[in-house]
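Given the structure is predicted, the values throughout are model-derived calculations rather than measurements.
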Amino acid sequence: MTKKQKKALRLIIIAAAGLILVNILSRFVVIGGTPFSKILYGIPLAALYLAIYIVIGGDILKKAFKGILNRRLFDENFLMAVATLGAFAIAIYERSADYNEAIFVMLFYQIGEFFQSYAVGKSRQNIASLMDIRPDYANIEKDGKFEQVSPDTVEVGTIIVIQPGEKVPIDGIIVEGNSTLNTSALTGESLPREVRQNDEIISGSINLTGVIKVKTTKAFGESTVSKILELVENASSRKSKSEEFISKFARIYTPAVVYSALALAVLPPLVRMLILQASGDWHTWVYRALTFLVISCPCALVISIPLSFFAGLGGASKAGILIKGSNYLETLSKTKIIVFDKTGTLTKGVFEVTGVHHNIMENKKLLEYAALAESASSHPISKSLLTAHGQDIDRSRVSNIEEISGHGITATVDGKQIAVGNAKLMEKFGIKYCECHKIGTIIHIAIDNEYAGHIVISDVPKPNSRIAINELKKSGVEKTVMLTGDIKSVAQSVASELGMDEVHSELLPADKVTQVEELLANKKPNSVLAFVGDGINDAPVLSRADIGIAMGAMGSDAAIEAADVVLMDDDPLKISKAIKISRKCIGIVYQNIWFALIVKFACLALGALGIANMWLAIFADVGVMVLAVLNAIRALRVTGAAA
């Protein structure tokens with residue numbers, strides 16, 4: 001509990017205790033045969049109640065006064081101040097000595113504010129737990145001793161040492177040692193990750209076991225932890241349509257009810273006096289107007305709606321799902337079509353060589369030439385060729401490397417012109433190639449414009465991919481589409497295995513954008529199309545879709561920048577979880593809106609007719625706010641949001 005919350009709770013307890021004590025003394029205590037209320041009757045009793053009123057409502061009066069000075073009259077503080085001071089004035093005017101109504105309005109309002117503050121604090125804890133990934137220092141070894149330096153002073157290529165229990169401060173590659181990393185703050189998963197030499201690791205993880213030396217690959221400002229923290233900190237600045245509606249509604253609604261209350265206090269008495277020639281009965285109508293003001297406070301809407309979104313964002317981030325703003329949370333809830341990139345998203349993206357079919361040379365030599373030509377590329381296929389080759393690469397044998405987007409690579413190896421790529425690359429150079437009967441990615445190799453053979457590389461779906469597709473369909477997603485650059489046979493095989501509704505194969509990066517645009521043009525009105533990708537190549541499509549979801553994108557700056565939702569691990573089940581969280585949150589928002597509006601307008605009508613008194617007004621204002629806030633807190637609970 002924060003200092004501000006403790007202070008608010010202390011004032012609530014003091015005011016409540018004081019109110020109970022004064023009521024007991026005035027109603028039940030008799031001194032020398034004279035009731036205590038008679039002893040304190042008049043100004044002393046009013047002063048005692050007023051002191052309690054100042055204790056519990058002083059900050060609201062102060063805010064209302066500042067609002068008047070700053071020409072911002074129409075807010076909840078102004079309404080509360082006018083209504084409660086008016087109730088005090090009526091009690092003094094009628095000499096009823098009943099000051100409880102005014103104090104109870106303030107007391108219950110402050111209780112409602114306390115609940116709201118507590119709920120915000122709870123949701124902030126989820127954000128704060130994510131913020132714990134911020135590293136405090138990095139260890140640099142100098143003369144056999146560790147020197148702790150600020151992470152933002154560490155240059156790219158520096159060797160840093162990470163000991164057990166320390167946070168990984170900057171993205172890098174392990175050059176010495178092996179260990180186990182806790183990535184739960186990033187991914188929401190409790191299982192640790194085993195790492196060893198040559199593995200890439202990202203900032204924000206916690207080293208659990210061994211000492212590791214890491215060569216940094218990014219500056220701190222560009223590292224994963226910095227990108228994530230920036231994303232989370234900016235999330236609350238992006239408002240949803242529901243929040244914008246409530247803000248506009250409050251700007252119109254609050255002045256309207258103030259003027260309505262003024263009319264209620266003045267017009268009926270004047271009509272009675274001037275037309276009906278009867279008593280104006282001013283105190284009755286002023287009391288109704290004050291009750292009307294208390295009822296009218298839009299606190300339940302103004303507080304609970306942003307709180308619901310904030311809780312949803314906080315709960316999602318705790319589960320390793322970073323949503324850039326409540327506007328994206330609202331859009332995500334309407335998702336009906338999901339388009340997937342295949343490699344690395346639905347499949348492991350870890351390719352393995354499953355066949356080498358030579359034409360003019362032995363298998364081993366064919367694989368060697370392919371690995372040398374692909375040695376400068378970071379593409380998963382290139383890595384699989386290097387892994388299958390299994391020997392150190394002499395880069396001095398390779399020159400004139402050129403990557404042809406969507407086709408493959410050409411290079412000069414040992415003075416020979418090597419072309420390694422798909423069938424399109426062979427056709428581009430007019431080389432006749434052999435088809436392969438095996439299912440997989442076929443990498444054709446030509447040497448000096450003569451076909452040399454092909455290599456079969458296979459990728460396998462992630463364990464949860466099929467389950468994830470089923471969960472999406474259960475959650476109301478109407479169509480799932482897969483886009484890939486693979487040949488048709490491979491694409492059809494994977495799509496069939498996963499249960500996809502539609503598949504498009506042999507696509508260049510630009511073709512994926514075209515396919516998404518066609519799907520956008522043909523989708524139903526008000527339905528949302530989401531694209532799920534895993535890296536830099538998907539950035540254009542992530543930006544073009546109604547909502548972009550970057551999966552397992554902890555190391556991809558471009559994907560984090562382009563996407564609206566970032567899933568912090570490679571589990572495709574997180575997609576359905578993200579959608580369910582968003583729908584739960586939006587459901588709570590609409591529940592609060594309808595509940596608050598129905599109760600408010602019903603009680604306003606009762607107040608105007610004189611049926612509702614100040615006690616019902618307290619429920620209509622504070623009671624509805626507390627119930628709405630308690631409902632909003634449910635958005636924090638995401639454990640049951642995914643099957």
Side-chain angles (χ1 to χ4, degrees), residues 124-234 317-322 378 383 386 392 534-536 550 552-561 566-570:
R124 281 190 186 278
Q125 284 178 11
N126 289 343
I127 301 293
S129 65
L130 187 68
M131 292 306 179
D132 284 342
I133 66 177
R134 188 189 300 274
D136 302 314
Y137 60 87
N139 294 319
I140 296 179
E141 191 172 1
K142 289 186 178 180
D143 301 324
K145 295 181 179 179
F146 291 152
E147 180 182 338
Q148 292 186 355
V149 300
S150 175
D152 55 12
T153 64
V154 177
E155 297 180 354
V156 175
T158 303
I159 304 296
I160 60 174
V161 181
I162 306 168
Q163 301 181 89
E166 293 183 332
K167 297 169 188 171
V168 177
I170 306 171
D171 298 3
I173 298 174
I174 298 176
V175 294
E176 184 180 318
N178 55 72
S179 184
T180 305
L181 300 183
N182 177 359
T183 62
S184 60
L186 298 170
T187 65
E189 300 297 334
S190 57
L191 285 176
R193 174 191 166 200
E194 300 290 335
V195 292
R196 55 184 59 85
Q197 190 173 345
N198 295 325
D199 283 352
E200 294 183 9
I201 63 173
I202 58 170
S203 49
S205 306
I206 298 174
N207 185 23
L208 296 178
T209 52
V211 177
I212 52 176
K213 291 186 177 181
V214 176
K215 183 177 181 180
T216 61
T217 55
K218 294 180 182 178
F220 176 71
E222 297 299 318
S223 65
T224 301
V225 67
S226 296
K227 294 287 185 181
I228 293 169
L229 293 174
E230 181 183 354
L231 185 157
V232 174
E233 287 165 353
N234 293 335
S317 65
K318 186 178 180 181
I321 301 166
L322 304 184
S378 60
K383 290 181 179 179
L386 293 170
D392 292 335
D534 71 314
I536 188 168
M554 291 182 287
S556 174
D557 296 342
I560 289 177
E561 185 68 29
V566 180
L567 308 183
M568 298 309 297
D569 63 13
D570 287 323

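Annotation: salt bridge (Lys or Arg N to Asp or Glu O under 4.0 Å) contacts involving residues 196-205, sequence neighbours excluded, are absent.
Nearest approach of E155 to T216, heavy atoms of both residues: O-OG1, 3.0 Å. F220 and P151 make their closest contact through CB-O, 3.4 Å (heavy atoms, listed as atom of the first residue, atom of the second, distance). Nearest approach of V156 to A219, heavy atoms of both residues: CG2-N, 3.5 Å.
Residues passing the salt bridge (charged side-chain N to carboxylate O under 4.0 Å, His left out) test with E141, sequence neighbours excluded: K213. In this view, E194 and T180 satisfy the side-chain hydrogen bond (donor to acceptor under 3.5 Å, both in side chains) rule, not counting sequence neighbours. T217 pairs by the side-chain contact (heavy atoms from CB on, under 4.5 Å) definition with D171, I173, not counting sequence neighbours. For S150, the side-chain hydrogen bond (donor to acceptor under 3.5 Å, both in side chains) partners at least two apart in sequence or on another chain are D152.
Within the 4.5 Å cutoff, no side-chain heavy atoms of L208 are placed close to those of P164. Two residues are said to be in side-chain contact when any heavy atoms from C-beta on lie closer than 4.5 Å; I206 and E166 fail this criterion. Put simply, the side chain of I212 reaches to within 4.5 Å of the side chain of I201, judged on heavy atoms. Taking 4.5 Å as the limit, every side-chain heavy atom of I160 sits out of range of all side-chain heavy atoms of N139. In this structure the side chain of P169 never reaches within 4.5 angstrom of the side chain of V154, judged on heavy atoms. A heavy-atom distance below 4.5 Å is found between the side chains of N207 and L181.
Taken from CD1 in I162 to OG in S179, the straight-line distance is 9.0 Å, to the nearest 0.5 Å. From I140, atom CD1 reaches atom CD of Q148 across 11.0 Å, with rounding to the nearest 0.5 Å. Rounding to the nearest 0.5 Å places CD of Q197 at 9.0 Å from CG of N178.
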